[in-house]
Structures are given as C-alpha cells and as structure tokens.
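Predicted model, so just to flag it, every value in this text is computed and none were measured. First listed ligand is number 1; within each ligand, the first listed atom is number 1. Hydrogens, waters and symmetry mates play no part in the numbers below; they use all other heavy atoms, side chains included.
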Amino acid sequence: MRMKKQPENSKSVKIISMNKICKSFPLEMGGEQQVLFDITFDVNQGEFVSIMGPSGSGKSTCMNIIGALDTPTSGTYKLYGKDVAHLDTDELAMVRNEYIGFVFQQFNLLSKRSVLDNVMLPLMYRGLPMDERVRRAREMLKRVGLEKFETYLPTQLSGGMKQRVAIARALAGNPKLILADEPTGALDSKMGNDILTFLKQLNQDMGITIVMITHEFEIAQYSNRLIHIYDGRITYDGRVPRDERVLQKHL
Ligand code: ADP
Ligand code: MG
C-alpha cells in the first residue's frame, strides 16, 4: 500500500468537539424521552476511538449527531472547527459529503450498480470530471485489494469483500473521519477480524481518524481509546482496558 505518514503534530488537530450534547425524542403519548445527557468529548486527528455500550444506551443516536445525520436538542458540536449543531438539512448533507466516510453494518451498497460505480458515489457531488472519478475509485479499490472486481455486482461478493467495497467508497471522498457503526456486525469472525485489521492499518499508516461503534469489548481492542456509554451518559473515556470489568466499576 502507498501510504503517507501524517506530520508529527497532526494529533493536536481537533476533528470532533462535543460539548454538553443532549438529545430528546418526542414520545407518541406526549412528552419526550431524553436519550443523551451532557455528552462531552473531543477526538483529535489520528485517533481510533470505539464507542461501546449496551443496546439502547444511545450509541447510534450519538453517532447520528457525529455524522451530521441528526442535530442535538442542546449543546454544541464542532466538526473540524465548524459548528454543525444548527445547520439545516442541505448544509448537513454538504458537511457529510466533505468530511465523513460512513461504513455501516449492512454495507449499504447499491446492489444493481457495479463495484466501481459504488465506490465512485461520494465523488458525484465533487464536480470532478468522469475520468478523474474513475481513476480515483480504481485507486481506492486497489487499496482494499479489490481492483480485479470493479465490474462485479455487490451480490457476487462475500460479506467481507462487500465491507471492503464500502471502505473504498468511504475513502474515495478523502474524508477527515471514518464513522463505522458495527462494521463487523454482519460478518463471521474471520472476515470481521480482517476488516478490523484493515481499519487499524488505515488508522496507523495513513493517520485516518476512525470512530467505531460496537457493543463487543473484543472489537474495541483494535482501537486506542474507548468511550463507554450507559443510559445516555459517558461512564468511561480513556485507554482501552484489558479487562472488561474495569468498565463495570465506572457505572
Ligand atoms: P443504541 O444504538 O445504543 O442501541 P439508540 O441510540 O439506537 O441506542 O437508542 C437509544 C434510545 O433512543 C432507545 O430507547 C431508542 O428507542 C430511542 N430512539 C432512538 N432513535 C429514536 C427516534 N428517531 N425516535 C424516538 N426514539 C428514538
Ligand atoms: Mg445502535
């Protein structure tokens, strides 16, 4: 792989800055349910962070806010120094396209489009000429080891390969940040480990910042920092402990 090391001081660049983020959803019978309470943390360029917590603890809600898919009820959120807490739908879409590459549990590939077309997708709104888009998408496919599969349909690939296509697509837009929501949730453990090793390599060799949601402690071991959320509150934020029981102590 052709990869460049980030400059020494790159770790001091703030990618994510969340300050007292709260999120409530209206309830059908009236009133509201508060799902996030005063979530405060920063992520610097080059970090690989896991957000862990049991089902229903607010991980996806938090991820939707980080990914500019949703806005908080209160609090401030800056992505790469840009205040995104109060943007409208179109502005949020622009921020997503410019800064973030998404990797989802279910891959979210277009099943009737070729592998190459899928990887070219985030480049559609960049105003690049067609040949430049194709060139860049091919480069990304090479990076994930799938250059021989560009004409295939996603349905012809294994789960692990599909997730590699999704990672190539995420990388094509040259994002500041990769957000992965349970990226190995639909894969067997061998393929899952390959994908995690690959994400770790992207982080180490290219300095790509990664925030990954998982409910599995073993998966969090691939990252350098763990944020544990329980009932909408951060109960642990620090190095990834070797023993999961450390997290229980902080509840
Ligand atoms: P996790 O990803 O940790 O499993 P979620 O963030 O998906 O948790 O959900 C946390 C809580 O917020 C749950 O009780 C869920 O029902 C509620 N919730 C999530 N999204 C919505 C929504 N769009 N409308 C109403 N309630 C929601
Ligand atoms: Mg979730």
Side-chain angles (χ1 to χ4, degrees), residues 16-41 43 48-77 79 84-93 95-96 100-109 159 162-163 166-167 170 177-189 192 195-196 199 210-223 225-238 240-241 244 246-251:
I16 293 170
S17 185
M18 294 197 124
N19 191 24
K20 293 188 183 273
I21 293 287
C22 297
K23 180 72 178 178
S24 301
F25 293 110
L27 290 170
E28 261 177 46
M29 61 276 261
E32 53 182 36
Q33 177 196 7
Q34 188 167 350
V35 174
L36 296 177
F37 299 81
D38 290 333
I39 299 287
T40 300
F41 66 88
V43 175
F48 185 173
V49 184
S50 290
I51 297 182
M52 213 187 121
S55 187
S57 55
K59 302 184 296 296
S60 292
T61 303
C62 189
M63 188 66 116
N64 287 343
I65 293 171
I66 297 173
L69 292 158
D70 201 358
T71 50
T73 309
S74 65
T76 55
Y77 172 38
L79 180 68
V84 283
H86 311 290
L87 298 184
D88 68 28
T89 320
D90 287 348
E91 292 166 329
L92 287 172
V95 165
R96 282 200 298 276
I100 306 174
F102 290 93
V103 177
F104 300 96
Q105 179 172 355
Q106 296 301 337
F107 324 122
N108 293 21
L109 300 173
K162 282 183 208 165
Q163 198 58 302
I167 291 171
L177 173 68
I178 287 190
L179 284 181
D181 195 346
E182 306 262 7
T184 61
L187 303 177
D188 66 31
S189 62
I195 289 295
L196 289 163
L199 287 174
I210 302 178
V211 176
M212 172 176 74
I213 285 195
T214 181
H215 60 267
E216 287 181 65
F217 186 66
E218 291 71 31
I219 290 177
Q221 295 298 323
Y222 284 86
S223 62
R225 173 177 164 197
L226 191 156
I227 296 176
H228 191 245
I229 300 187
Y230 194 87
D231 282 350
R233 291 182 168 84
I234 292 180
T235 55
Y236 178 93
D237 181 356
V240 186
E244 193 169 6
V246 171
L247 300 178
Q248 307 303 319
K249 283 192 200 138
H250 287 81
L251 293 184

Practice task
Mind checking the OH-OG1 spacing from Y222 to T184? Nearest 0.5 Å is all I need.
Solution key: 8.5 Å
Completion exercise
Distance col, row I227:CD1 vs I51:CD1, nearest 0.5 angstrom, shows 5.0 Å
Handout entry: Any residue meeting ring-ring contact (aromatic ring centres under 6.0 Å, His included) with Y230, in chain and number order, not counting sequence neighbours
Key = none
Problem - Qualifying residues under ring-ring contact (aromatic ring centres under 6.0 Å, His included), relative to Y77, sequence neighbours excluded - result: none
Practice task
State whether the side chain of T214 and the backbone N or O of A220 hold a donor-acceptor pair below 3.5 Å, judged by distance alone.
Solution key: no
Under a 3.5 Å threshold, I'd like every N/O contact between ligand 1 and protein atoms, with atom names and distance.
{"unit_1": "ligand 1", "atom_1": "2 (O)", "unit_2": "S60", "atom_2": "N", "d": "2.9"}
{"unit_1": "ligand 1", "atom_1": "2 (O)", "unit_2": "S60", "atom_2": "OG", "d": "3.0"}
{"unit_1": "ligand 1", "atom_1": "3 (O)", "unit_2": "S57", "atom_2": "N", "d": "3.2"}
{"unit_1": "ligand 1", "atom_1": "3 (O)", "unit_2": "S57", "atom_2": "OG", "d": "3.4"}
{"unit_1": "ligand 1", "atom_1": "3 (O)", "unit_2": "G58", "atom_2": "N", "d": "3.1"}
{"unit_1": "ligand 1", "atom_1": "3 (O)", "unit_2": "K59", "atom_2": "N", "d": "2.9"}
{"unit_1": "ligand 1", "atom_1": "3 (O)", "unit_2": "K59", "atom_2": "NZ", "d": "3.0"}
{"unit_1": "ligand 1", "atom_1": "4 (O)", "unit_2": "G56", "atom_2": "N", "d": "2.7"}
{"unit_1": "ligand 1", "atom_1": "6 (O)", "unit_2": "T61", "atom_2": "N", "d": "2.9"}
{"unit_1": "ligand 1", "atom_1": "6 (O)", "unit_2": "T61", "atom_2": "OG1", "d": "2.6"}
{"unit_1": "ligand 1", "atom_1": "8 (O)", "unit_2": "G58", "atom_2": "N", "d": "3.2"}
{"unit_1": "ligand 1", "atom_1": "14 (O)", "unit_2": "Q33", "atom_2": "NE2", "d": "3.2"}

Practice task
Can you measure from CZ (F25) to CD (E32) and round to the nearest 0.5 angstrom?
Solution key: 11.0 Å
Exercise for the section: Everything protein-side that's N, O or S and under 2.8 Å from the Mg ion (ligand 2): list it, residue and atom. Expected result: S60 OG
Handout entry: Carboxylate-amine/guanidinium proximity below 4.0 Å for D38 and R233
Key = no
Exercise for the section: Look up atom NZ in K59 and atom CE in M212, then write down how far apart they are to the nearest 0.5 Å. Expected result: 12.5 Å
Handout entry: Closest non-hydrogen atom pair, P241 against L226
Key = CD-CD1, 4.3 Å
